[in-house]
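What follows is a set of notes on a single structure, which appears directly below.
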Amino acid sequence: MTDPGLAMTAEPGKAAPAGGASDLFDKFQPMIDIRENLLSTGVTDPFSLVMERVESPTVAICNGKRTILLGTYNYMGQTFDPDVLAAGKQALDEFGSGTTGSRVLNGTYQGHRECEEALKRFYGMDHAMVFSTGYQANLGIISTMAGKDDYVILDIDSHASIYDGCALGNAQIVAFRHNDVEALEKRLKRLPAEAGKLVVLEGVYSMLGDVAPLKEMVAISKAHGAMVLVDEAHSMGFIGPNGRGVAEEQGVLDDVDFVIGTFSKSVGTVGGFCVSNHPKFEILRLVCRPYVFTASLPPSVVATAAVSIDKLRDAKDKRDHLWANSRRLHGGLKELGFTLGTETPQSAIIAVIMPDLEKGAAMWEALLQEGLYVNLARPPATPAGMTLLRCSLCALHSEQQVGEILGMFEAAGKRVGVI
């Protein structure tokens, strides 16, 4: 933090904090310095890209240039599906632009119930609850289910929304080493047998794109009297025989108490949800604060989501093509000499590990100049302080586009000196 004495001296034309107090922005100074040092090299800001026009799930115009999109999480390419768009336009005409209320007051329209019915059909579960974002789904369910005398046992690489759910509920956080079955079991053994316990796992972890060993972890959790929540945000739609995620793929979906997901990945819009078979689940609509005190999703959004979810049930051909894309891109990048986040392709996410932030930013910009958009991911969001170029494939990427992508990585990698 800045020395309090220095904080008292204001820049010309700017007021100093009152009473000699430190500026509340001081705690962000390390991040400010990193950003300024990075931009001082002349690199384009990788966190403020503007897409001037989006032509399809796989192509946009960025900086006036046709750009292949490889960093959008649009796994199943539903954003331009004609049936999905038609449903949204009809709902906009019939129900207006928004609800102006929460779900428990005036914010539940017919479309919200239809969307929840689509989720129940998709997962084959008794209950479904739609939130305004995927972040709020984790925030709401975790904070409501696990209070200050309860324990949340989670993978140390869990998403920020999971950690924030723990903080909002004031639960006791017990973290274990990433994807380590033995570490999870050791943590559970140390907890009081009578305590309330919620084990929170993710099907696919979004930074490296690796899959959790849910079969073993769910069994261990149940043996120690814990409820289990699995976040399938990055696996819904394409992993599992019916696209229900890693829990389905590994045969433990019926043993999971809560499945959390989002509409902003494979579904192709915005929103979040929780599905469950627990007989008391519906009481959450009255006690879950991020659900009760948030305006509900616009009618056009839930209408598009409902149609999209139903179409995902019959999307085997798209799932097969997406897996083919993943195997080809992973193998091609590895052959070019890039270091990847997983030894084999495990999902639609392929993480390319960079030596440091400066090289990562330079590589990101070189790819953009080639006509390819990926995500630059940096600490503290990434595990082990890594800088990553995170690629998320789409079921609508053609074989030709995957070939173009590999050529762009080769050209950019050689120019920057990464390969």
Side-chain angles (χ1 to χ4, degrees), residues 35 37-75 77 206-209 321-379 381-382 386-419:
R35 183 174 183 274
N37 289 338
L38 180 63
L39 296 182
S40 69
T41 65
V43 70
T44 302
D45 186 350
F47 307 111
S48 62
L49 178 78
V50 175
M51 296 184 187
E52 294 124 40
R53 190 169 76 251
V54 180
E55 297 184 347
S56 73
T58 64
V59 174
I61 304 301
C62 303
N63 299 329
K65 182 183 180 71
R66 178 189 178 274
T67 303
I68 296 177
L69 301 177
L70 192 64
T72 63
Y73 290 150
N74 194 0
Y75 299 127
S206 64
M207 287 297 153
L208 297 180
H321 182 66
L322 180 53
W323 276 115
N325 282 345
S326 180
R327 288 189 288 269
R328 184 181 175 199
L329 183 61
H330 189 285
L333 290 172
K334 200 171 178 180
E335 190 175 325
L336 286 172
F338 288 99
T339 303
L340 306 183
T342 58
E343 188 61 29
T344 59
Q346 297 185 23
S347 68
I349 298 170
I350 297 173
V352 183
I353 300 174
M354 293 287 103
D356 51 45
L357 180 58
E358 289 71 24
K359 282 284 188 183
M363 183 69 183
W364 178 88
E365 184 169 53
L367 287 171
L368 191 64
Q369 291 169 352
E370 290 287 329
L372 180 66
Y373 170 71
V374 298
N375 302 133
L376 175 64
R378 51 150 185 83
T382 53
M386 291 187 286
T387 295
L388 308 172
L389 293 179
R390 189 174 52 182
C391 309
S392 51
L393 281 154
C394 175
L396 298 188
H397 279 123
S398 66
E399 290 185 21
Q400 179 182 339
Q401 284 176 318
V402 175
E404 287 182 62
I405 289 166
L406 287 169
M408 292 170 178
F409 260 98
E410 181 176 16
K414 289 179 177 176
R415 188 158 77 246
V416 173
V418 175
I419 56 171

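Note that the numbering runs from 1 along the sequence shown for the chain.
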Report yes or no: does [X] contribute a side-chain atom to a donor-acceptor pair with the main-chain N or O of [Y] at less than 3.5 Å?
{"X": "Ser347", "Y": "Gly209", "value": "yes"}
{"X": "Ser392", "Y": "Thr72", "value": "yes"}
{"X": "Trp364", "Y": "Val374", "value": "yes"}
{"X": "Ser326", "Y": "Trp323", "value": "no"}
{"X": "His397", "Y": "Leu322", "value": "no"}
{"X": "Asp356", "Y": "Glu358", "value": "yes"}
{"X": "Lys334", "Y": "Glu343", "value": "yes"}

Would you give the length of the straight line joining atom [atom1] of [X] to atom [atom2] of [Y], rounded to the nearest 0.5 angstrom?
{"X": "Leu372", "Y": "Cys391", "atom1": "CG", "atom2": "SG", "value": "7.0 Å"}
{"X": "Ile405", "Y": "Glu370", "atom1": "CD1", "atom2": "CD", "value": "12.5 Å"}
{"X": "Thr67", "Y": "Leu49", "atom1": "OG1", "atom2": "CG", "value": "7.5 Å"}
{"X": "Arg390", "Y": "Tyr73", "atom1": "CZ", "atom2": "OH", "value": "2.5 Å"}
{"X": "Leu333", "Y": "Glu410", "atom1": "CG", "atom2": "CD", "value": "10.5 Å"}
{"X": "Leu368", "Y": "Met363", "atom1": "CG", "atom2": "CE", "value": "12.0 Å"}

For [X] and [Y], work out which heavy atoms get closest and say how close.
{"X": "Ala351", "Y": "Leu208", "answer": "CB-CA, 3.9 Å"}
{"X": "Ala361", "Y": "Val43", "answer": "O-CG2, 3.6 Å"}
{"X": "Gly360", "Y": "Leu389", "answer": "O-CD2, 3.8 Å"}
{"X": "Arg66", "Y": "Ile61", "answer": "CA-CD1, 3.8 Å"}
{"X": "Cys394", "Y": "Asn74", "answer": "SG-O, 3.1 Å"}
{"X": "Leu367", "Y": "Ala412", "answer": "CD2-CB, 3.7 Å"}

With a 4.5 Å cut-off on side-chain heavy atoms, are [Y] and [X] touching?
{"X": "Val352", "Y": "Leu388", "result": "no"}
{"X": "Thr387", "Y": "Leu376", "result": "yes"}
{"X": "Thr342", "Y": "His330", "result": "yes"}
{"X": "Ile349", "Y": "Met207", "result": "no"}

Around atom CD of Glu399, are there more than 12 heavy atoms from other residues, nucleotides or ligands closer than 6.0 Å?
no
Do Arg35 and Phe47 form a cation-pi contact, if we require the NZ or CZ to be under 6.0 Å from the six-membered ring centre and within 45 degrees of the ring's axis?
no
Quick one: do the Gln401 and Thr58 side chains pair a donor with an acceptor below 3.5 Å?
yes
